[in-house]
Enquirer: 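One structure, as structure tokens, below. Some questions next.
Every number for a ligand or one of its atoms is a count from 1 in the order of the listing. What you see is a predicted model, and the numbers here were worked out from it, not measured in a lab.
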Amino acid sequence: MKTGQERKNYWNEKYYEYWKSRVDEAGGEVDESAIIQGDSKTEDDSVYEEVFEAHPFLKGNLLEVGCAWGRMFRVYQQYGVEIHGVDISKAMIDAAKKIYTDDPQIKSIQESEAEKVPFDDAFFDNLSCLATFDATFQKETLREFLRVLKMGGNLYLTGKGADYPADDQQAMDAEIGARGKGHPNFFTDVPRMVDLLQKNGHRIQASYYYPRRGDFGRNHYETQIPDKFYEWFLVIQKGSDQIDFDDFADSHSNTFRQTQK
Ligand SMILES: C[S@@+](CC[C@H](N)C(=O)[O-])C[C@H]1O[C@@H](n2cnc3c(N)ncnc32)[C@H](O)[C@@H]1O
């Protein structure tokens, strides 16, 4: 697994162009991506907006980790929060700074790793991390998010599940393809993470589970945890200062590992 400068370099101009093209083609009637043949389109902003609408941000400020070029900043602005953004990628942060120069609601935009963000303890009322947690060292990242959140603060977090349906070929292709490209990729044991969060005194306010690859883009979800699912979106409320977690993520899904037996 890439670490340090090698990991940082992965998220370069080329990745910026790639992710921009995937976001640009999101939405509409057609389901299939024109960029990666055989794959589904990624989610458009409305999928996130629906969750934010149902579970609004607390008054005050918000940190987005993995903010890219500030794709979601316009959405956060509608809620009147002060916005801070960090991303590991220089290309992403340069683009965000260009778009949001002199915007008084955007308080800071900085290069930073999710696992160690440059803010004091209990600084934020809200933290969002969308389509990014799966690229990070999740135990360290979750600890860091809870460190910088205020007591009662809201965490909006998405990721990929460790147990997706064995017949979800798009998910399997994506996992194998990502590994081939050296894309940092971790799969979350969600029941374990939820159990650890609750044992540490934190609360799960809302859960969305997207069973198959492409369901996130289609906004097709279940709210009760299914046996197998590909993506998830949780709204978590910080309920204590405890961040005593074991590992709950792996670089290979259980679904993939079971195909190797
Ligand atoms: C798939 S993009 C998602 C961007 C944005 N959140 C969105 O939904 O459009 C993943 C983003 O996470 C950033 N990223 C990857 N690993 C990171 C890390 N360890 N710390 C901070 N940002 C990271 C990448 O540079 C990239 O901008």
Enquirer: Under 6.0 Å from the ring centre and within 45 degrees of the ring axis: does the NZ or CZ of Lys160 meet both conditions for the six-membered ring of Trp232?
Expert: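 Output no; distance or angle outside limits.
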Enquirer: Looking at atom 19 (N) of ligand 1, what's its closest protein heavy atom, distance included?
Expert: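 For atom 19 (N) of ligand 1, the nearest protein heavy atom is Arg7 NH1, 3.3 Å.
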Enquirer: Between Ile88, Thr132, Asp134, flag the one that comes closest to atom 11 (C) of ligand 1 by a heavy atom.
Expert: Thr132
Enquirer: Within less than 4.0 angstrom of ligand 1, does Ser112 place any heavy atom?
Expert: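 It does; at least one heavy atom falls under 4.0 Å.
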Enquirer: Classify the contact between Glu64 and ligand 1 as side chain, backbone, both or neither, using a heavy-atom distance cut-off of under 4.0 Å.
Expert: side chain
Enquirer: ring-ring contact (aromatic ring centres under 6.0 Å, His included) with Tyr48: which of Tyr156, Phe216, Tyr208?
Expert: Phe216
Enquirer: Just to be sure I read this right, does ligand 1 sit under 4.0 Å from the backbone of Phe137, its side chain, both, or neither, counting only heavy atoms?
Expert: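 Answer for Phe137: neither.
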Enquirer: Passes side chain to side chain donor-acceptor pair (under 3.5 Å), Ser89 versus Tyr10? Steps please.
Expert: CA-CA 8 Å; Ser89 162; Tyr10 175 81; over 6 Å; no
Enquirer: Checking a contact table here: which protein heavy atom is nearest atom 20 (N) of ligand 1, and how many Å away?
Expert: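 Ranked first by proximity to atom 20 (N) of ligand 1 is Ala114 N, 2.8 Å.
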Enquirer: Is Trp19 touching ligand 1 with its side chain, its backbone, both, or neither, if touching means heavy atoms under 4.0 Å apart?
Expert: side chain
Enquirer: Between the side chains of Gln138 and Thr188, is a donor N or O closer than 3.5 angstrom to an acceptor N or O?
Expert: yes
Enquirer: For Glu111, is there an ion pair with Lys8 - N to carboxylate O distance below 4.0 angstrom?
Expert: yes
Enquirer: Provide, to 0.1 Å, the distance between atom 25 (O) of ligand 1 and the closest protein heavy atom, together with that atom's residue and name.
Expert: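 Nearest protein contact, heavy atoms only, for atom 25 (O) of ligand 1 is Asp87 OD1, 2.6 Å.
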Enquirer: Among all protein non-hydrogen atoms, which one is nearest to atom 5 (C) of ligand 1, and what is the separation to 0.1 Å?
Expert: Gly66 O, 3.3 Å
Enquirer: Which heavy atom of the protein is the closest neighbour of atom 8 (O) of ligand 1, given with residue, atom name and distance?
Expert: Arg71 NH1, 3.3 Å
